[in-house]
Amino acid sequence: MVKAAAFNQGKFPTIAFMNMATEPLGVDLRKLVSALDKQMTRDFVPIWGYPATLYITDKPKPDEWQFVFLDDADAANALGYHDLTKDGQPVSKVFVKTTLAAGQKVSVTASHELLEMMIDPGAQLWAQNSDGLFYAYEMCDAVEDEEYVIDGIAVSDFLHPSFFESWHKARSVQFDYLKKVDRPFQTLHNGYQIVSNGSSTREIFGSIPKERNFRDVENRKLHRSEHRKQIAQHAEMSRRVRSDSNLQASRAALLQHAGRFLAALGAVAEDSPLGEPLELGRRNRRGGRGRSDPWRLI
């Protein structure tokens, strides 16, 4: 049985890297983790202020976050790697065969997933733009495919906190590490973002080719973005259920009130003298019909 999420319990995480893929990564794992550690320490932490310890192992400890290289989503299902470990810790997955088939680099994908897990391990944070939409708090989606090199290893560009702050004017501050972004919430040509209006969730794309590639080439099954959309859709469904329940409760209260009113009316009718019908209003002293004392006997 999976325990409730137990991450962020008052300490910075230790992230255990495990290679369970049969497909070659295309890069030495030790060199990759070293480059990722340097990116975290030198580039990411000074901006976001949230460090972590990275290391390679075959057997992570129960309180450690996990970063797993797998062949594809089928392998993840077979080995039981989903969104949390059995001890309630976050898991990031890189699907090696899927990544290479899409023409992408394993090292860039790994950097992308690591940085996004660091800031939002539960894939549940959103930032509201001035257009009223909520944008997924993801560090790399909007700048996807933008990369730079550390010690010969390609890693992903990432966003700054200012990207999610709608009050900044265009080009007034730095919005991403490589300075490719000009304004808050901008989606670059090869990027995308997940947005929600509170009742539905969808993707927006920086270009038609990116949208086409996203639909036809990139396999997002068991990807972090799909997990986020499932969380959002579940929340939206829960809101609709609560809304429907509230409407039904209001209708039931109205019917109950109407029933009580009719019962009271029936009781008044039963108490009236035989042969003396009820009539709305009453006669005033001059014989006219007044507006006060409804249901008065005449």
Side-chain angles (χ1 to χ4, degrees), residues 5 7-8 39-40 42-52 90 92 108-109 111-148 155-211 213-215 218 220 223-240 242-243:
F7 45 88
N8 289 345
Q39 182 185 30
M40 286 278 299
R42 186 192 72 186
D43 305 335
F44 192 75
V45 173
I47 301 301
W48 285 96
Y50 197 69
S92 276
V108 175
T109 301
S111 172
H112 180 136
E113 295 299 312
L114 173 64
L115 300 182
E116 292 190 333
M117 178 172 68
M118 284 302 304
I119 300 303
D120 185 13
Q124 61 187 344
L125 300 181
W126 299 79
Q128 189 173 26
N129 193 3
S130 55
D131 60 8
L133 290 177
F134 293 90
Y135 287 68
Y137 212 74
E138 300 284 355
M139 300 302 100
C140 303
D141 288 349
V143 293
E144 194 168 69
D145 290 352
E146 300 294 337
E147 61 184 62
Y148 63 104
V155 296
S156 176
D157 186 15
F158 61 89
L159 301 170
H160 285 202
S162 54
F163 178 88
F164 301 99
E165 298 166 348
S166 60
W167 55 85
H168 294 293
K169 295 181 179 180
R171 293 177 293 279
S172 61
V173 296
Q174 188 171 341
F175 296 105
D176 69 306
Y177 183 77
L178 292 180
K179 301 180 181 180
K180 301 283 187 178
V181 178
D182 294 329
R183 62 185 184 277
F185 298 100
Q186 178 184 358
T187 309
L188 295 187
H189 183 80
N190 287 326
Y192 81 102
Q193 294 191 72
I194 301 172
V195 300
S196 173
N197 61 6
S199 61
S200 63
T201 303
R202 62 185 175 89
E203 294 102 354
I204 58 174
F205 300 92
S207 64
I208 294 176
K210 174 60 179 180
E211 181 175 8
N213 196 65
F214 188 94
R215 308 291 187 198
E218 301 173 22
R220 297 277 167 165
H223 189 270
R224 174 185 169 91
S225 60
E226 294 302 309
H227 174 52
R228 176 183 284 280
K229 286 192 293 185
Q230 290 173 7
I231 293 175
Q233 289 165 0
H234 177 73
E236 290 156 6
M237 185 177 296
S238 297
R239 282 195 293 270
R240 285 196 292 269
R242 289 195 298 271
S243 178

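- The structure places CH2 of Trp126 at 8.5 Å from CD of Glu138, a figure rounded to the nearest 0.5 Å.
- Below 30°, between 30° and 60°, or above 60°: for Tyr135 and Phe185 the angle between ring planes is between 30° and 60°, a tilted geometry.
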Take Met118 and Met139 through the test side chain to side chain contact (heavy atoms under 4.5 Å, CB included) and record every step on the way to the result. CA-CA 9 Å; Met118 284 302 304; Met139 300 302 100; over 6 Å; no

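- Side-chain contact check for Phe205 versus Arg215: some heavy-atom pair is nearer than 4.5 Å.
- Pairing each heavy atom of Met117 with each of Pro90, the nearest pair is SD-CB, 3.9 Å.
- Annotation: the span from Asn213 atom CG to Glu218 atom CD amounts to 4.5 Å, rounded to 0.5 Å.
- At least one side-chain heavy atom of Leu133 sits less than 4.5 Å from a side-chain heavy atom of Arg202.
- For the pair Leu115 and Gln39, the minimum side-chain heavy-atom distance is below 4.5 Å.
- Taking every heavy atom of both residues into account, Val181 and Asp176 meet most closely at N-OD1, 2.9 Å.
- The two residues Glu113 and Ser92 make their nearest non-hydrogen contact at O-OG, 3.7 Å.
- In this structure, Phe164 and Leu159 approach most closely via the heavy-atom pair CZ-CD1, 3.8 Å.
- Counting only heavy atoms from C-beta outward, the side chains of Tyr148 and Asp43 approach each other to under 4.5 Å.
- In this structure, the side chain of Asp157 does not engage the main chain of Val143 through any donor-acceptor pair within 3.5 Å.
- To the nearest 0.5 Å, atoms CD (Gln186) and CZ (Phe163) are separated by 7.5 Å.
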Should Asn190 and Glu146 be marked as a side chain to side chain donor-acceptor pair (under 3.5 Å) after you check the CA-CA gap, both sets of side-chain angles, and the distance that decides it? CA-CA 8 Å; Asn190 287 326; Glu146 300 294 337; 5.5 Å; no

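- Taking 4.5 Å as the limit, every side-chain heavy atom of Phe44 sits out of range of all side-chain heavy atoms of Arg42.
- The pair Lys210-Glu203 does not meet the salt-bridge criterion, since no charged nitrogen lies less than 4.0 angstrom from a carboxylate oxygen.
- For the pair Val173/His160, no side-chain contact is recorded, criterion being any heavy-atom separation below 4.5 Å from C-beta on.
- Remark: Leu114 CG to Ile119 CD1 distance equals 10.0 Å, nearest 0.5 Å.
- Note: Phe158 CZ to Asp141 CG = 15.0 Å, rounded to the nearest 0.5 Å.
- Side chain of Ser196 to main chain of Phe134: no donor-acceptor pair is present (N/O by atom type, distance under 3.5 Å, no hydrogens or angles).
- The two residues Ile204 and Val195 come nearest to each other via the heavy atoms CD1-CG1, 3.8 Å.
- A distance of 9.0 Å separates CZ in Phe175 from CD in Glu165, rounded to the nearest 0.5 Å.
- The side-chain hydrogen bond (donor to acceptor under 3.5 Å, both in side chains) search around Gln124 returns none, not counting sequence neighbours.
- Not a single donor-acceptor pair under 3.5 Å links the side chain of Ser156 to the backbone N or O of His112.
- Heavy-atom minimum distance, Cys140 versus Glu116: N-OE2, 3.0 Å.
- A side-chain donor-acceptor contact under 3.5 Å links Gln174 to the backbone of Tyr177.
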